[in-house]
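Written below as structure tokens is the structure these notes are about.
Source: prediction; values computed, not measured.
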Amino acid sequence: MKYYLQPRKFPSLLSIIIPCYNEELVIPHLRNRMTHFLKKLSSRVEVILVNDGSSDNTIFSLAQWAESDGRIKVVSLARNFGHQIAVTAGMDTAKGDAIVIMDADLQDPPEVILEMLEKYKEGYDVAYGQRIARSGESFFKKFTAWAFYRLMKILVHRDLPLDSGDFRLISRRCLDALNTLRENHRFLRGMNAWIGFPQTPVYYNRDPRIAGETKYPIKKMLKLAMNAAVSFSPLPLRFSLALGIVVAMLGFSVGIYALFRAFQHFILQLPIVYNPGWATIVTLICLIGGSILISIGILGEYVARIFEESKGRPLYVIEFMKTKSEGYLSDGKLK
């Protein structure tokens, strides 16, 4: 797709959002790397560290960092709300002209942000990191990630970029548009694609995790895939309809065959083996019953989404916010 781009100036304030969940071992490395990286930026910077209800000492490390550096802002959620909600809390807090989302594990190198800023200056509203290599990961992890992105492109949006996570830079107008989308079940990559502002890839090699364990095992990846598919696409419902049609046609064909064999045996009295048994009946019942249960199950997922959205609960609860200059900014804030 071709875009009409209007060049921009370098952002006067850059916001960097980093969600953190049980990253006690990572924070010292992240702090050292970000301190050196921020020296390369010519604009003012705020780094928003979102503690997503960590059960280790992550919050204490973040608070100490904020005490020593006025550019650091800590947003601590009251419990673990999940990665996508933690990023949303950071986006609601960000004040920059351009906003970068990155993970704490340093698999996405901060230095790539400089390339993203060049794309921002060219006029792009979204500059997303697209991985060309994934170091330190098993074949199974690479294969499941490869399959995940291609499945999501089919189910979520045709413009969803392949092999790219949440590591990206977005403009203020893109952020303002994203912040109007307040659904509970969030898939930010799909929401970025749905908005439709000019976007472009920035290619990079993904580094191994600097410390600790991955926060996106196969179980969470499957949950994210299910959430994205059900929240963004009617295809699962249409699949259940197609499955029901196929099973019904199969049952109809078996029924016609059974009637034909009965006609041969009883009317034409041909010397054929005819054993009217329970196998055909049980098979048909299982096929038809299974298709009905699958359809009801998929429909139930959509009904559950409607139920949760209708309650109108806040997306998250902020326990407190802290910066060096402002201290504790709020207590128990709902968003």
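- Judged purely by atom type and a 3.5 angstrom limit, Arg168 has no side-chain atom pairing as donor or acceptor with the backbone of Ile101.
- Pairing each heavy atom of Ile99 with each of Ala94, the nearest pair is CG1-CB, 4.0 Å.
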Can you list the steps and then say if Val100 with Leu14 is a side-chain contact (heavy atoms from CB on, under 4.5 Å)?
CA-CA 8 Å; Val100 172; Leu14 176 66; 3.9 Å; yes
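- Heavy atoms only, all atoms of each residue included: Ala66 and Val74 are closest at CB-CG2, 3.8 Å.
- Counting heavy atoms from C-beta outward, Leu114 and Leu41 have side chains that approach closer than 4.5 Å.
- Shown here for Arg206 and Gln107, the closest heavy-atom pair between the two residues is CG-O, 3.3 Å.
- Between Tyr128 and Asn192, every side-chain heavy-atom pair lies at or beyond the 4.5 Å cut-off.
- Considering CG of Leu62 and CD1 of Ile27, their distance stands at 4.5 Å, rounded to 0.5 Å.
- Asp69 places a side-chain N or O within donor-acceptor distance of the main-chain N or O of Arg71, the cut-off being under 3.5 Å.
- Judged by distance alone, with hydrogens and angles left aside, the side-chain atoms of Arg8 form a donor-acceptor pair with the main-chain N or O of Tyr120 at under 3.5 Å.
- Here the NE2 atom belonging to His83 is positioned 9.5 Å from the SG atom belonging to Cys20, to the nearest 0.5 angstrom.
- Pairs of residues two or more places apart, or lying in two chains, that qualify as salt bridge (charged side-chain N to carboxylate O under 4.0 Å, His left out) and include a residue from residues 39-59 are Glu46-Lys73.
- The shortest distance between side-chain heavy atoms of Met102 and Ile113 falls below 4.5 Å.
- Put simply, Val75 and Leu13 are part of two different groups of oily side chains (I, L, V, M, F, W, Y) that touch within less than 4.5 Å, one to the next.
- One distance of note links CG of Asp207 with CG of Asp108; it measures 8.5 Å at 0.5 Å rounding.
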Would you sort out whether Met34 and Ile72 count as a side-chain contact (heavy atoms from CB on, under 4.5 Å), showing the intermediate values?
CA-CA 11 Å; Met34 291 301 296; Ile72 306 301; over 6 Å; no
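- Checking Leu188, Ile17, Leu181 one by one against Thr88, the side-chain contact (heavy atoms from CB on, under 4.5 Å) holds for a single residue, Leu188.
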List the steps, then state whether side-chain contact (heavy atoms from CB on, under 4.5 Å) holds for Leu117 with Leu169.
CA-CA 8 Å; Leu117 286 168; Leu169 178 147; 3.6 Å; yes
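- Between Phe81 and Ala78, the closest heavy-atom pair is CE1-N, 4.2 Å.
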Determine, stepwise, if the pair Ile195 / Asp125 fulfils side-chain contact (heavy atoms from CB on, under 4.5 Å).
CA-CA 11 Å; Ile195 286 174; Asp125 286 282; over 6 Å; no
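- Contact check for Glu111 versus Arg33: side-chain heavy atoms found under the 4.5 Å cut-off.
- With hydrogens and angles ignored, the 3.5 Å screen pairs no side-chain donor or acceptor of Gln199 with any backbone N or O of Tyr124.
- Although no hydrogens or angles enter the test, the distance criterion places a donor-acceptor pair under 3.5 Å between the side chain of Asp97 and the main chain of Ser12.
- Defined by atom type and a distance below 3.5 Å, a donor-acceptor pair is missing between the side-chain atoms of Thr58 and Asn51.
- Interatomic distance, CE of Met91 versus CD1 of Ile48, reported as 10.5 Å (0.5 Å rounding).
- Side-chain contact check for Val47 versus Leu38: some heavy-atom pair is nearer than 4.5 Å.
- Distance check, rounded to the nearest 0.5 Å: CD1 of Ile170 to CZ of Arg173 gives 12.0 Å.
- Hydrophobic clustering (ILVMFWY, side-chain heavy atoms < 4.5 Å, transitive): Ile267 and Leu270 are in one cluster.
- Across all non-hydrogen atoms, the minimal contact from Met116 to Gly129 is CE-N, 3.7 Å.
- With a 4.5 Å cut-off on side-chain heavy atoms, Asp166 and Gln84 count as touching.
- Side chains of Lys121 and Phe10 form a contact here, defined as non-hydrogen atoms less than 4.5 Å apart.
- Applying the ring-ring contact (aromatic ring centres under 6.0 Å, His included) criterion to Phe167, with sequence neighbours excluded, gives Tyr204.
- The two residues Pro19 and Asp103 have their closest heavy-atom pair at CG-OD1, 4.2 Å.
- Atoms CD1 and CG, from Ile59 and Leu77 in turn, are 9.5 Å apart once rounded to the nearest 0.5 Å.
- Side-chain contact between Glu118 and Val202 is absent, with no heavy atoms from C-beta onward closer than 4.5 Å.
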